[in-house]
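Here, residue 1 is the first one in the sequence, and each next residue gets the next number. The analysis underlying the following values was restricted to heavy atoms, covering all of them including side chains, and did not include hydrogens, waters or symmetry mates.
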Amino acid sequence: MSDKKIIFTDSGIEIAPVYTAPSGAGELPGSFPFTRGVQADMYRGKLWTMRQYAGFSTAAASNERYHFLLSQGVNGLSVAFDLPTQIGYDSDHALADGEVGKVGVAIDSLEDMEILFDNIELNKVSSSMTINATGFILLALYVALAKKQGADLKEITGTIQNDILKEYAARGTYIYPPKPSMRIITDIFEWCAAELPKWNTISISGYHIREAGSTAVQEIAFTLSNGKAYVKAALEKGLDINVFGKRLSFFFNAHNNLFEEVAKFRAARKIWANMMKSMGATDPRAMMLRFHTQTGGSTLTAQQPFNNISRVTIQSMAAVLGGTQSLHTNGYDEALSLPTEAAAGIALRTQQIIAFESGITDTVDPLAGSYFIESLTGEVEKAALELIEKIDAMGGSVAAIEQGFMQEEIAKSAYLYQQQIENGQKTIVGVNKFTNDEKNRIPVFKIDEGIQKEQTDKLKRLRETRNNEACNAALEKIKQHAINGQNLMPVVIEAVECYCTLGEISDELRKIFGEYR
C-alpha cells in the first residue's frame, strides 16, 4: 500500500496506514470481502461525505438552510421531503391537509425544484434524496433541473433512496403494489446505467428498519435480503450485475452500543460481497457495500435533550470506525422538533471534530485485530446469515414481507426493548435513571402554518400558466409506457419538463398499477 501522507500522534509516533497481524496474514482493506473497508486507504485518502439531512416548509426556506450548511463545511446535501410528496399527493390534495411542509420540504413540480436548488450548481454537489415510492419522479425533477443548468448528466452524482421493500416492512410510505414498484426500480437501474452513470440508483435502507425497533442483526439481515431481491429483479430484466452493482448503495443506522455497531458494519460488508459473488458479480467494485449512515433518531430523548449530543458523538464514532462513506448527524433537539439551525451546526461540528481532532481517521480500520471486535463481527455475521437463510427459504424478501415475517420480528424486538427500559434492565440516562424535574427550555423549530395555502396558490398559478395540452400528452405517454412495459424514466422526465406535477404523475400510474393496501 502506498501512502503519500505521513501522520504522527501528538507524541511524535508515526502511524502506519494500516495494521495487520505480525505475520502479515489476514484480510487487507480494499480487498474482497471488504470486511476492513472498501478502499485500501479509507479516510487517509478521502474523508467520508459530511451530509446534513434537511428539508422543511417551502423550497425557499429549505434552500436557505442548504446555503447555511454549505457555508459551514457540508460537502453533500441530504433532502427530506414532506409526507404528501413521499406518497404522491400535491399540496392541494385533500389527503395532504395538515401535512404540507411538516416533516420535510413540499415539492409539487419543477418550479419548486428550481427554488430548492437556487444558486446551487448540481454538477458541484452530491445530493441524497430520501424518497421511495415517488423516487423516480424526484430523480426526473433533479435531472430536468440539471439539464436546465447546462450540467453534464454523465458527471452528476447523488443518490435516491428508492427502497420500496422496507416501506412495506417497516415504514409505510408506499403507493403501488410490490410488483409494479419493483418494475419502477429496475427501470431506474436501466435508465441510469446509460444516462446517469455516476448516480447511485438505490440506497437500500436498514435505517428505518432499525427505527421501527429491530436489532442490529435484524437491521443488516433484512436490509441485505432486500438488496438481494433488487439484484434478482434487475438480473431477471437482463441487466448486467457488474454495471448496476457498482451503483447500489446502502443506508444504515448507528446506535449507542459502539462495538456492536462497528461489528455490524464490518459484517455487512463481508456478507454482501459474498452474496454478490454468488449471484454472478466478477468485478470487485460490484461486490463492495458502500453505505451512508445516520445517527439513531429513535435513541434521542426529549428528557435532558443536551444528553443527545453525547449519544450522537458515540454513534458517529461507530459509523466512522465501521467505515462509512457518508454520514448525517442528528440535532440534539430532534426528539422535540425539526432541528434548529444551532442544533444542526453542532451536529456538523461533531463530525468535523471526529475527522480532524480525534485521530480515528489516521489509520484504516483502527479496531481490526481486537479480539472482541473480530469475535463480535463473526457472531453478528453468523446470526444475520441465519436470518437471511430463513428469508430465502420463504422465497425471498417479497414473500417474507407478504407473510408478515419481517414485520413480526421487528415488532417482537421493539416490544422486548421497551420492556427492558420499563423494568430497568436497560438504562436510558435521563429517562429511567439519573432523572430530574427540570423543564425543557430549549427553543424549538416551528413551521409556519401558512405554508399549505402558499403551496396551493402556487399550484393554481402553475396550472393556469403552463401548457396544459403538452401536459396531457405527456401524461398519456406515461400511461402507455406503463401499460406496454416500456421504461418509464424518459417519459416522466418529459412530463416534469412540461411542469406536470408530482401528484398528477403519481395518479396516472395509480390508474394502471393500483394502490397497495
Heavy atoms from other residues, nucleotides or ligands near [atom1] of [X] exceed 12 (cutoff 6.0 Å):
X: M317; atom1: CE; result: no
X: R285; atom1: CZ; result: no
X: Y371; atom1: OH; result: no
X: K237; atom1: NZ; result: yes
X: Y19; atom1: OH; result: yes

Please check: side-chain N/O of R51 versus main-chain N/O of L327, any donor-acceptor pairing under 3.5 Å? no
Over 60° means perpendicular and under 30° means parallel, so classify the ring planes of [Y] and [X], tilted if in between.
X: H208; Y: F251; answer: perpendicular
X: F244; Y: F189; answer: parallel
X: F265; Y: F291; answer: parallel
X: F32; Y: F34; answer: perpendicular

Check: [X]/[Y] side-chain N/O donor and acceptor closer than 3.5 Å:
X: T49; Y: Q325; value: no
X: S181; Y: Y168; value: yes
X: S127; Y: Y142; value: yes
X: S214; Y: E219; value: no
X: T201; Y: R247; value: no
X: N253; Y: Q294; value: no
X: N307; Y: T301; value: no
X: Q161; Y: K166; value: yes
X: T173; Y: R171; value: yes

Under a 4.0 Å N-O cut-off, is there an ion pair linking [X] with [Y]?
X: R210; Y: E261; answer: yes
X: E379; Y: K382; answer: no
X: R266; Y: E374; answer: yes

Closest heavy-atom contact between [X] and [Y]?
X: A133; Y: Y176; value: O-CE1, 4.4 Å
X: G424; Y: N432; value: CA-ND2, 4.2 Å
X: T186; Y: R183; value: OG1-O, 2.9 Å
X: T159; Y: S203; value: CG2-CB, 3.6 Å
X: Y43; Y: G323; value: OH-C, 3.2 Å
X: T363; Y: P17; value: OG1-O, 3.0 Å

If you measure from CD1 on I401 to CG on N226, what distance do you get to the nearest 0.5 Å? 5.0 Å
Spacing of L138 atom CG and T85 atom OG1 [to the nearest 0.5 Å]: 7.0 Å
Output all residues satisfying side-chain hydrogen bond (donor to acceptor under 3.5 Å, both in side chains) with K179, sequence neighbours left out; order by chain, then residue number. none
Pair Q52, T329 - check side-chain hydrogen bond (donor to acceptor under 3.5 Å, both in side chains), show working. CA-CA 7 Å; Q52 284 304 110; T329 34; 2.9 Å; yes
K390 to F405 six-membered ring, cation-pi geometry met (6.0 Å, 45°): no
